[in-house]
Amino acid sequence: MKLFSILLACALACPVSAGAQQEPIVIRFSHVVASDTPKGKAAVRFQQLAERATNGRVRVHIYPNSELYRDREELEALQLGAVEMIAPSLSKFGPLGVREFEVFDLPFMFPDERALHRITNGPIGRDMLRRLRLKGVVGLAFWDNGFKSFSANRPLREPADLSGLRMRIQPSRVLDAQMRALGAQPMTMRFGEVYAALEAGVVDGTENPPSNFYTQDMQDVQTHFTVSNHGYLGYAVIVNRKFWEGLPSDIREALEEAMREATDYAASIAQEENDRALEAIRASGKTRVHVLTAAERGAWKKALAAVSVEMEDLIGAQLVADIRRAIDAP
Ligand code: LMR
């Protein structure tokens, strides 16, 4: 009896300890790239911020490099609630039925990060994320990676240099049309399978920002890398809607704040990470790096101009027009 009253007094006297014993809320964050990439590092930053802001009531478990789910599977796993958070490339939302995200794939659409951020940090981007709720997911933020370059095992200086090559792409109709416009054969493939496919000669080349190219060791299987900046690669961080709306409101607010800070962090490191990777590609001595001259870039822009016209209606002409107006606004 005396022991029971002591224990009861204890439990009443320190409710905090009772709270600490609650099971933490676990966020399984799956992605397909290496950890030392803009997305990999931003995921770790979010983990740190989220766990700190919730005093450990939330634990974030990160699964990089497709170790838990590969491309496409991770979207299905998210909708089923088998993971809570993923950050797919904007080129991979087609299977979710939101093809308008392919607007980010239009060649030479964004002249620089400033133009891009007018969309991803502005009302158009927010509206695009909001529409994801209809698909059972909640869009939290856009994360940056960078502008893409072409690679192959021959020099790529003119658009015709891609003619006849089998080029790996993400599952986007715009990227499919882009490669066809250059006379190449597009081959859709999961990111985690690209290195092996290049090594085996199943595909001849691909396109990616330097950070993805270098962290997948593609310099070992590609002899030429052309800095074309012809398209943008970025991400949308999305969570399972049921999970997110089921969170206690104080936790959700803390996670939203952590996501805002992690998003700023991703934007602050993206260029630096890609510059560092480009230097590492050069230093490897395995891949020749060519930066397009202004004249060469003009030829690529001309060769790809028809793609944007062809794709506008499929993506949504109004959205394309709104984005162009926002980019060009003073
Ligand atoms: C790709 O498939 O090339 C990229 O989307 C991978 C990534 O997530 O950066």
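Whatever order the structure lists them in is the order used to number ligands and atoms, beginning at 1. Note that the structure is predicted; figures quoted are calculated from it, not measured.
With 3.5 Å as the limit, one finds a donor-acceptor pair spanning the side chains of Asn145 and Ser211. Side-chain atoms of Gln219 and Ser284 form no donor-acceptor pair, as typed in the model, at a separation below 3.5 Å. Asp105 and Ser91 are linked by a side-chain donor-acceptor pair at a separation below 3.5 angstrom, with hydrogens and angles left out of the test.
For ligand 1, the atoms lying closer than 4.0 Å to a non-hydrogen atom of Leu233 are 5 (O), 9 (O). Those atoms of ligand 1 that come under 4.0 Å of a heavy atom in Ser89, given as number and element, are 5 (O). If you number the atoms of ligand 1 from 1 as listed, the ones under 4.0 Å from a heavy atom of Asn208 come out as 3 (O). Ligand 1 places these atoms under 4.0 Å from at least one heavy atom of Val32: 8 (O).
Between Asp71 and ligand 1, no N or O atom pair is found at a separation short of 3.5 Å.
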Test side chain to side chain contact (heavy atoms under 4.5 Å, CB included) on Arg157 and His224; report intermediate values, then the result. CA-CA 10 Å; Arg157 291 173 180 252; His224 289 79; over 6 Å; no
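Side-chain contact between Ile315 and Leu106 is present, with heavy atoms from C-beta onward closer than 4.5 Å.
Classification of the Tyr232-Phe110 ring pair by plane angle, with boundaries at 30° and 60°, yields perpendicular.
Not less than 6.0 angstrom separates the ring centroid of Trp143 from the ring centroid of Phe46. The distance between the ring centers of Phe93 and Phe104 does not fall below 6.0 angstrom.
Proximity of Asn212 to ligand 1, defined as any heavy-atom pair under 4.0 Å, is confined to the side chain (atoms from C-beta onward). By the criterion of a heavy-atom distance under 4.0 Å, the side chain of Arg168, and not its backbone, is placed next to ligand 1.
Ligand 1 has at least one atom lying under 4.0 Å from a heavy atom of Lys92. Residue contact annotation: Arg190 has no non-hydrogen atom under 4.0 Å from ligand 1. Heavy-atom distances between His31 and ligand 1 stay at or above 4.0 Å for every pair.
Of the listed residues (Phe191, Phe213, Trp143), the one carrying the non-hydrogen atom nearest atom 1 (C) of ligand 1 is Phe191.
Here the protein heavy atom with the shortest distance to atom 5 (O) of ligand 1 is Gln170 OE1, 2.8 Å. Remark: minimum distance from atom 9 (O) of ligand 1 to any protein heavy atom is reached at Tyr235 OH, 2.6 Å. Here the protein heavy atom with the shortest distance to atom 7 (C) of ligand 1 is Val33 CG1, 3.3 Å. What sits closest to atom 8 (O) of ligand 1 on the protein, heavy atoms only, is Lys39 NZ, 2.8 Å.
A donor-acceptor pair is defined here as one N or O able to donate and one able to accept, closer than 3.5 Å; such a pair exists between the side chain of Arg166 and the backbone of Val202.
A continuous path of hydrophobic side-chain contacts links Val32 to Met218 [ILVMFWY only; heavy atoms under 4.5 Å].
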